[in-house]
Structures are given as C-alpha cells and as structure tokens.
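Scroll down for the structure; my scribbles are underneath it.
All figures in this text were calculated on a predicted structure; none of them were measured in a lab.
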Amino acid sequence: MTNAYGTTGDAREAVREAADTFKDAAGDVRAETKRAAKRAQKSAVAASGALAEAATTFARDARSVVEDKVGKARREAEVQYGRLKVQAKQRAEEADVFVHERPYIALGAAALAGFLIGHLMNSGRSNVVYLRDDR
C-alpha cells in the first residue's frame, strides 16, 4: 500500500524514528530537569546559609544597640537616684526642723493625713448589707 510516506513500511519506519526522537528528547529533558533541580538545591542551601548569616549579624547588631541603650538608661537612672537621694535627705531635715519648731501643727497635719487616707481607702468598699429571710 502506498501513502504520503511511500509504502506502509516507510510509514512505520517514520513513526519509529519519531518515537526514538521523542524518547531521546524526553531523556534530555529528564536529565536537564535533574541538573536544574540539583542547581536549585545548591542555590537553596547557599541562600539558607546566607540567610542564617544575615540573621546572626542582625541579632548581634540588635544586641549591641540594646546593650548601649540599657547602659545609657542605667547611667541616667543612677544620676536621677543620686539627685533624689540628696533631695529626700534635704526634705527630711526640713521636716525634722518643722516638727521640732511646731509639734502641734505637725501632729494635727499627720492626723488629718491619716484620716484622709483611711477615708479614701474605705470609700472603695461597698457598704451594702445583705439580709437573709429565714421564713
């Protein structure tokens, strides 16, 4: 039988050649895909190493900044503590002089302050009395 390829045997041969070419192309694609996957894996490993290094550097820099700020805050707190300590000592001496010069006024002021503090602390409590009916 004769067709566009010639005889039936010629057509079969053309189909076989096309199938072989397709198999070769598929093998080439498979091999290239494996090589690409290996390259991608190596790139991913390299990228993860770079990411880990960047994270370590960032953490180190952040720690340094935090340590600097904490150090500054500590020094400022020590300065403020020193100032407040001196002021407290001065106020205590002034109060001591005042109490010795005017003891009755100091006693009245202390009693008034105690009363006000007690009243403020007690005002938050509820004064509701619950009665139970025993019928």
Next item on the list: Among residues two or more places apart or on two chains, list those pairs meeting side chain to side chain donor-acceptor pair (under 3.5 Å) that have a residue in residues 38-51.
Entry: Glu32-Arg39
Margin query: Considering only residues two or more places apart or on different chains, which pairs with a residue in residues 74-85 satisfy side chain to side chain donor-acceptor pair (under 3.5 Å)?
Written below: Glu76-Gln80
Check: Hydrophobic cluster mates of Leu112, side-chain heavy atoms under 4.5 angstrom, ILVMFWY only, any path?
Finding: Phe115, Leu116
Checklist line | Co-members of the apolar cluster containing Leu107 [side chain, <4.5 Å] | finding: none
Next item on the list: Apply side-chain contact (heavy atoms from CB on, under 4.5 Å) to Arg30 and list each qualifying residue two or more places apart in sequence or on a separate chain.
Entry: Lys34
Notebook entry, point to check: Which salt bridge (charged side-chain N to carboxylate O under 4.0 Å, His left out) pairs, counting each pair once, include a residue from residues 46-65, with sequence neighbours left out?
Noted result: Arg63-Glu67
Anything under 3.5 Å between a donor and an acceptor, one on a side chain of residues 88-99, the other on a protein residue two or more places apart or in another chain? List them.
| unit_1 | atom_1 | unit_2 | atom_2 | d |
| --- | --- | --- | --- | --- |
| Asp96 | OD1 | His100 | ND1 | 3.2 |

Just distance, no hydrogens or angles: give the donor-acceptor pairs under 3.5 Å from side chains in residues 18-25, sequence neighbours left out.
| unit_1 | atom_1 | unit_2 | atom_2 | d |
| --- | --- | --- | --- | --- |
| Thr21 | OG1 | Glu17 | O | 2.8 |

